[in-house]
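Take a look at the structure set out below.
The chain is numbered in sequence order, starting from 1. We use all heavy atoms of the structure for the numbers below, so side chains are in, but hydrogens, waters and symmetry mates are not.
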Amino acid sequence: MAVPNSKKKENQQSSIPVPSQIIDSISQSSLESLPRSPKRKLSFFSKLGCLLKNPRFSIFLVFVLVFIWMLNVWFAFDPTMRLPWNTCAVFQEEEPMVGVISSSQLSINENVISSSQLSINENVTEHKENGEFWKQPNGFGYRPCLDFSESYRRESGEIVKEREKYLMVVVTGGLNQQRNQIVDAVVIARILGASLVVPVLQVNVIWGDESEFSDIFDLDHFKSVLANDVRIVSSLPSTHLMMHVEGEGTPRHLSVQWIRSSYRSRLRSDGILLLRSFDSRLSKDLPPDLQKLRCKVAFHALRFAPHISEIGDKLTDRMRSKGPYLALHLRMEKDVWVRTGCLPGLGKEYDEIIRNERKSNPILLSSRSKMTYQERKLSGLCPLNALEVARLLKALGASNSTRIFFAGGTPLGGKEALLPLTMAFPHFYTKEDLAFPGELEAFAKKPSLMAAIDCIISENSDVFMASHGGNMGHVIQGQRAYGGHKKTIIPNKRHMLRYFMNHSLPEAEFNKIVLKLHQGSFGQPELRMSKSGRAVTKYPVPECMCNDTGTNTSI
């Protein structure tokens, strides 16, 4: 049956979509005053249609919607997030290492990182996102326990009075390699019963940093903490000018007996001994009191200078302003790929650069030169690349909202080398990103100081992971263990990499396998003696930590 035209108009009018904001703006009393007849309802909607056609009302409605949108943006604003343009370009001479991803940065060799590889599993449960990844390991009640023996304390009285024998040391390498040598220098001075002259920091060939001990470390604190163990002086007395230089020909794994038999007679006759090139030469297995002294130096005496600690603490506070964060120490620099005999996985161009560098400088390859790249990779001897780090973190429960602090040098390939990681975890920061304009200016040309800032932020993180060990990774692992076994992810590269290479393995199954492989690799207490050659400053249990509540914890 045909519908009258008036009826059609009525149906058309009653089906006009009405914004909820308009209905809400009409008072309840006005609605109740409307008659209930269909014609009256039609009249109301007709008036409403006229109201929508009014230009003034339309402008007012747009203004309200824009205002609401601005409020939403304001309250969701993250002050530490970088804007999509460089607002501080006037102040910064260098571009931050990790910034906005441009179209040119996305032009990575498609054979290296395919779209299928970047489809990292996002199906992480809400429980994992909010809690499981940040859950700290069980420390089993272990706490610092530096209870020196009676004989050690008795000998200390004579040693700190020493005024005739002096030990000088020249420490080499980067910041954390120097830290390890300073620890051993104190122990050697104690073994010889000599006064220790403040260690000399040799200028690093790669870093070119001329910083002295007091530029990096708090010298007064260093002397004060060790006042009852070893006498430390800032310089040699004028009466001691002649010296023997030792170190180059010394064997590795020096014992207490070897040090005393080789150096004591020379100290008595000359009054001074200079040691250099002794990195990692002191045995990892020493009597308990000397192991405790190592811990005392590493965890109590070696504190960064106040100006470094201050900036490090500031950047830590900014990093934590939005909640917990993960610190990553990635070893992806050019010299690391050359020394390890590994390839960065960034395409033929970069692989050829590394091969050529290794051919021209074969001495740079640290060890096991007969192994192929694939053999090194499967043996867990290569650093993880950005894609492997991203997949590992996802498998361990990190969501894409995880805040990451990047510690380390500029990777080979620059920002593009980090794309798989920054795309999976966009909340990605360096110390340059966290600092205000000009705040790092005093440190910019001092790599040792910049590395110290990285150490502070990493030590204070909720979770820490190093992609390839190294001195910094080992130092921070020990610091976090001594500080209460804070979560430290230790990648199980030897057992997990074959699953990374199995592209037919479903992502859910891959995640399950990787998580199971790492159940005991989150920084739980681990006995140093369970494996030979371990440093007590990396594994402080049991020499420097105990879980017996009746044990004296004084240092």
Side-chain angles (χ1 to χ4, degrees), residues 167-189 196-227 230 232-235 275-280 294-316 327 329 333 405 407-409 430-432 434-435 439-460 466 470-480 482-483 535 537-538:
L167 172 66
M168 287 190 67
V169 296
V170 178
V171 298
T172 59
L175 171 66
N176 292 288
Q177 190 175 356
Q178 291 175 340
R179 280 170 103 173
N180 292 334
Q181 293 173 62
I182 292 169
V183 171
D184 282 354
V186 174
V187 175
I188 293 174
L196 176 66
V197 181
V198 173
V200 177
L201 276 53
Q202 181 173 305
V203 178
N204 186 283
V205 177
I206 297 176
W207 291 17
D209 194 331
E210 299 180 356
S211 299
E212 298 180 357
F213 186 99
S214 58
D215 295 326
I216 303 174
F217 303 106
D218 189 333
L219 179 55
D220 291 336
H221 179 77
F222 183 71
K223 290 180 177 180
S224 175
V225 171
L226 298 174
V230 174
I232 299 172
V233 297
S234 297
S235 60
L275 293 181
R276 59 189 308 148
S277 303
F278 70 98
D279 180 31
S280 299
R294 270 177 160 157
C295 292
K296 187 172 182 178
V297 180
F299 305 136
H300 296 276
L302 275 178
R303 187 171 70 183
F304 289 121
H307 63 291
I308 299 176
S309 296
E310 182 181 357
I311 186 66
D313 291 341
K314 282 183 180 179
L315 299 187
T316 295
H329 183 226
E333 301 94 332
F405 174 76
T430 65
K431 54 185 173 295
E432 290 83 1
L434 298 171
E439 204 168 16
L440 293 177
E441 187 175 346
F443 308 92
K445 296 181 180 179
K446 300 283 188 179
S448 293
L449 275 59
M450 295 290 269
I453 295 172
D454 276 346
C455 285
I456 293 172
I457 303 173
S458 297
E459 287 171 10
N460 292 330
N471 289 304
M472 178 174 169
H474 294 166
V475 167
I476 293 178
Q477 180 181 334
Q479 293 273 5
R480 294 172 67 83
Y482 194 76
T537 50
K538 183 181 177 184

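- Taking the side chain as every heavy atom from C-beta outward, L434 and F405 approach each other to under 4.5 Å.
- Residues satisfying the disulfide bond (SG atoms under 2.5 Å apart) test with C455, not counting sequence neighbours, are none.
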Verdict with reasoning, E432 to T430, per side chain to side chain donor-acceptor pair (under 3.5 Å): CA-CA 5 Å; E432 290 83 1; T430 65; 3.1 Å; yes
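- Judged as a side chain to side chain contact (heavy atoms under 4.5 Å, CB included), and not counting sequence neighbours, the contacts of Q178 are V171, L201.
- The salt bridge (Lys or Arg N to Asp or Glu O under 4.0 Å) search around E439 returns R318, not counting sequence neighbours.
- The closest side-chain heavy-atom distance from K223 to S234 is below 4.5 Å.
- Considering only heavy atoms from C-beta on, N460 comes within 4.5 Å of I456 through its side chain.
- A distance of 12.0 Å separates CZ of R303 from CD1 of I308, quoted to the nearest 0.5 Å.
- Between F222 and V297, some side-chain heavy-atom pair lies under the 4.5 Å cut-off.
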Check against side chain to side chain contact (heavy atoms under 4.5 Å, CB included), V475 and N180: CA-CA 8 Å; V475 167; N180 292 334; 3.8 Å; yes
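- Across all their heavy atoms, G312 and I457 have their closest contact at O-CG1, 3.9 Å.
- Distance check: D184 CG to L275 CG gives 11.0 Å after rounding to the nearest 0.5 Å.
- Within the 3.5 Å criterion, the main-chain N or O of D220 finds no donor-acceptor partner in the side chain of S224.
- Contact between S458 and A407 at its shortest, heavy atoms only, is OG-CB, 3.6 Å.
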Carefully, step by step, assess V186 and R294 under the rule side chain to side chain contact (heavy atoms under 4.5 Å, CB included). CA-CA 8 Å; V186 174; R294 270 177 160 157; over 6 Å; no
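- The shortest heavy-atom contact between G408 and E333 is C-OE2, 4.2 Å.
- Closest approach of A185 to V169, counting heavy atoms only: CB-CG2, 3.7 Å.
- A distance-only check finds a donor-acceptor pair linking the side chain of D215 to the backbone of E212 [under 3.5 Å].
- Using a distance-only test at 3.5 Å, with no hydrogens or angles considered, a donor-acceptor pair links the side chain of H221 to the main chain of H300.
- Once rounded to the nearest 0.5 Å, the distance linking CG of D209 with CE of M450 reads 11.0 Å.
- Every residue two or more places apart in sequence or in another chain that forms a ring pair (Phe, Tyr, Trp, His ring centres under 6.0 Å) with F217 is listed here: F213, F304.
- Among all heavy-atom pairs drawn from S235 and V197, the shortest one is CA-CG1, 4.1 Å.
- Between the NZ atom in K446 and the CD1 atom in I453 there is a gap of 13.0 Å [rounded to 0.5 Å].
- Using modelled atom types, no side-chain atom of Q177 and backbone atom of N471 make a donor-acceptor pair closer than 3.5 Å.
- For the residue pair V183 and L302, the shortest heavy atom distance occurs at CG2-CD1, 4.1 Å.
- To the nearest 0.5 angstrom, N176 atom CG is 9.5 Å from S448 atom OG.
- Considering OG1 of T316 and CD1 of I311, their distance stands at 9.5 Å, rounded to 0.5 Å.
- The salt bridge (Lys or Arg N to Asp or Glu O under 4.0 Å) check on R179 picks up E459, with sequence neighbours excluded.
- Taking the six-membered ring for Trp and thresholds of 30 and 60 degrees, F443 and H307 have nearly parallel ring planes, at less than 30 degrees apart.
- In this structure E310 satisfies the salt bridge (Lys or Arg N to Asp or Glu O under 4.0 Å) test together with K314, sequence neighbours excluded.
- Two residues are said to be in side-chain contact when any heavy atoms from C-beta on lie closer than 4.5 Å; T172 and R276 fail this criterion.
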